[in-house]
2 protein chains.
Amino acid sequence: MTDTDRLSIGDVAKVTGLGVHALRFFEREELFLRPIPRTAGGQRVYEPADVEWLLLCNRLRESGMPIATLKRFAALVRSGPGNEAERLALLEEHERAVRDKVAELTASLEIIHGKVVIYRQHVEEGTAAGLWSPASSA
Amino acid sequence: MTDTDRLSIGDVAKVTGLGVHALRFFEREELFLRPIPRTAGGQRVYEPADVEWLLLCNRLRESGMPIATLKRFAALVRSGPGNEAERLALLEEHERAVRDKVAELTASLEIIHGKVVIYRQHVEEGTAAGLWSPASSA
DNA sequence: GCTTGACCTAGATTGCACTCTAGATTTTAA
DNA sequence: TTAAAATCTAGAGTGCAATCTAGGTCAAGC
C-alpha cells in the first residue's frame with residue numbers, strides 16, 4: 001500500500017505503450033477491472049495491477065480479440081469468483097481463433113515464400129526481359 | 001480462347017468469396033492487372049486469370065497486406081517485366097511482416113494457453129469460491 | 001506566485017476496408 | 001414477350017478502434 005506505486009495516466013501510457021487517449025477510451029468502454037480512482041482534482045490514479053491487466057489486454061488485443069470480447073471478459077473478471085467456467089470458455093474460444101489464424105498465416109507464408117524464391121532466382125539470374133516465363137505473371 | 005471461360009461478376013464473387021461490391025471496389029482501386037473488359041451492355045467480363053490473381057490477392061490480404069501495398073504490387077506487375085527486384089523487395093518485406101506476426105501470435109498463444117490451463121484446473125477442481133488464489137485475478 | 005506541462009471532458013474526426021443504397025439498365029429464363 | 005434476376009454507376013453509410021480538438025483545469029518546479 002505504498003504511495004510510490006501510484007501512477008499517472010502518462011506513466012501508464014509509457015509503460016503499456018497505449019497512449020493517453022486510448023487509456024481514456026478503455027475506461028469509457030469499461031475495459032478496466034475497477035473504477036479508476038481520481039485525485040481531488042479529478043486526475044486518474046492507477047496502480048501496478050491496472051498496468052498488469054492492461055498488458056494482458058494488449059496481448060489479447062494484439063492476438064485479434066475485439067474490444068467487445070475483451071469487454072465481456074473484463075465484466076466476468078470484475079464480477080468476481082463463480083464464473084470461471086465462462087471465462088475459460090471465452091479464453092478457449094480465443095485460443096482456438098488464434099491457432100486458426102496462425103495456421104492461416106502459415107499457409108499464406110508458404111505461398112508468399114514460394115513467390116519470393118522464384119523472384120529471387122529470377123533477379124539473381126539477371127533481370128533481362130524475356131528470360132523468364134512464369135506460369136502466372138505475378 | 002474459349003468463351004466458356006468468361007465469368008460474370010457474380011461468378012467471380014462465388015469462386016473468390018469476395019462479393020460483388022468488393023470486386024467493384026477492387027477495380028476502382030486499380031487492384032486488377034488489366035482493365036476488366038465489358039459486354040456491349042457494360043457488364044464486366046472476367047477470365048480465369050483474373051480469378052487467380054484475386055486468389056493471390058486474398059492470400060496477401062488475409063496475411064495482413066494493406067490495400068495500398070497490394071495496389072503498389074499490382075502496379076508493378078501491370079507495368080510488365082523489368083521491375084522484378086522491386087516486386088521481390090515488396091514480397092520479402094511482406095514475408096518478414098507475416099513471420100513477425102506469427103511470432104507475436106505464438107508468444108501470445110503461450111500466455112493465453114497458460115491462462116486456459118489454469119482456469120481449466122480450477123474449473124475441474126470445482127468452482128466453489130475461495131478455493132483459488134490466483135496471483136492476478138484474471 | 002507563476003509558468004509550464006500534464007491532465008480533464010465531450011464530442012468530432014480519422015483511416016481502413018468494405019458494404020450498401022437508389023435508381024436505372026441488361027440479361028436470363030419461362 | 002415479359003417477368004425476374006443480375007448488373008450498372010456514383011456516392012453515402014458502416015464498423016472498428018482509436019485519435020484528436022477545443023476549451024479549459026491541475027500540479028510541479030523555479
Side-chain angles (χ1 to χ4, degrees), chain A residues 3-4 6-32 35-47 50-51 54-74 94 97 101 104 108, chain B residues 3-4 6-32 35-47 50-51 54-74 94 97 101 104 108:
Chain A
D3 288 29
T4 54
R6 307 168 126 253
L7 298 158
S8 75
I9 195 171
D11 297 333
V12 175
K14 240 164 259 158
V15 299
T16 62
L18 268 170
V20 295
H21 295 300
L23 288 170
R24 292 194 273 250
F25 169 76
F26 270 41
E27 190 170 332
R28 272 203 298 284
E29 294 293 314
E30 309 202 277
L31 294 175
F32 281 96
I36 302 300
R38 307 297 184 103
T39 64
Q43 308 205 346
R44 291 167 178 83
V45 182
Y46 298 88
E47 284 183 18
D50 301 312
V51 169
L54 287 170
L55 293 176
L56 174 58
C57 288
N58 276 348
R59 276 300 178 187
L60 294 172
R61 291 279 310 114
E62 281 163 16
S63 55
M65 183 180 285
I67 293 282
T69 307
L70 189 48
K71 204 163 165 173
R72 282 200 294 125
F73 186 56
H94 184 59
K101 184 70 189 170
E104 184 194 90
S108 294
Chain B
D3 288 29
T4 55
R6 307 168 125 252
L7 298 157
S8 75
I9 196 171
D11 297 332
V12 175
K14 240 164 259 156
V15 298
T16 62
L18 269 170
V20 295
H21 295 301
L23 288 169
R24 291 193 274 250
F25 170 75
F26 271 40
E27 190 171 330
R28 273 203 297 284
E29 294 292 313
E30 309 202 278
L31 294 174
F32 282 97
I36 302 301
R38 307 299 184 101
T39 64
Q43 308 206 345
R44 291 167 179 83
V45 182
Y46 298 87
E47 285 183 19
D50 301 312
V51 170
L54 287 171
L55 293 176
L56 174 59
C57 288
N58 276 349
R59 275 301 177 187
L60 295 173
R61 292 282 307 114
E62 283 164 15
S63 55
M65 182 180 285
I67 292 283
T69 307
L70 190 48
K71 205 163 164 173
R72 281 200 295 124
F73 185 56
H94 183 59
K101 184 71 188 169
E104 183 194 89
S108 294

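A note on names: the letters A, B, ... follow the listed sequences, proteins ahead of strands, and every chain is numbered from 1. Any value given below was found using the heavy atoms of this structure, including those in side chains, with hydrogens, waters and symmetry copies removed. Remember, it's a predicted structure, so these values are computed and weren't measured experimentally.
The CG atom of Leu31(B) lies 5.5 Å from the CD1 atom of Ile67(B); values are rounded to the nearest 0.5 Å. Rounding to the nearest 0.5 Å gives a distance of 4.0 Å between CD of Glu104(A) and NZ of Lys101(A). Summarising the geometry, atom CD1 belonging to Ile9(B) is positioned 9.5 Å from atom CD1 belonging to Ile36(B); distances are rounded to the nearest 0.5 Å. To the nearest 0.5 Å, the span separating CZ on Phe26(B) from CG on Asp50(B) amounts to 13.0 Å.
The distance from atom CG of Asp11(B) to atom P of dT28(C) is 10 Å, rounded to the nearest whole Å. At whole-Å resolution of the value, CZ in Arg38(A) and C1' in dC8(C) are 8 Å apart. Rounded to an integer number of Å, the gap from Lys14(B) NZ to dT7(D) P is 7 Å. When rounded to the nearest whole Å, the span between CD of Glu27(B) and C1' of dT19(C) equals 17 Å. Between the CG atom of Leu7(B) and the P atom of dT27(C) there is a distance of 16 Å, given to the nearest Å.
Using a 4.5 Å cut-off on side-chain heavy atoms (C-beta onward), Glu29(B) and Leu70(B) make no contact. Looking at heavy atoms from C-beta onward, Leu7(B) lies out of side-chain contact with Glu47(B) at the 4.5 angstrom threshold. No side-chain heavy atom of Arg38(B) sits less than 4.5 Å from a side-chain heavy atom of Gln43(B).
Phosphate proximity of dC7(C) to Ser8(A): present, with a side-chain N or O under 4.0 Å from OP1 or OP2.
Screening His94(A), Arg61(A), Glu62(A), Arg59(A) for a side-chain hydrogen bond (donor to acceptor under 3.5 Å, both in side chains) with Ser108(B), the sole residue that qualifies is Arg59(A).
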Which atom pairs link the protein and nucleotides 17-21 of chain D when you take only N or O atoms and keep those under 3.5 Å?
| from | atom 1 | to | atom 2 | distance (Å) |
| --- | --- | --- | --- | --- |
| dA17(D) | OP1 | Ile67(A) | N | 3.3 |
| dA17(D) | OP2 | Ile67(A) | N | 3.4 |
| dA18(D) | OP2 | Arg61(A) | NE | 3.1 |
| dA18(D) | OP2 | Arg61(A) | NH2 | 3.3 |

Could I get a table of every N or O pair under 3.5 Å where one atom is in the protein and the other is in nucleotides 25-30 of chain D?
| from | atom 1 | to | atom 2 | distance (Å) |
| --- | --- | --- | --- | --- |
| dA27(D) | OP1 | Thr39(A) | OG1 | 3.3 |

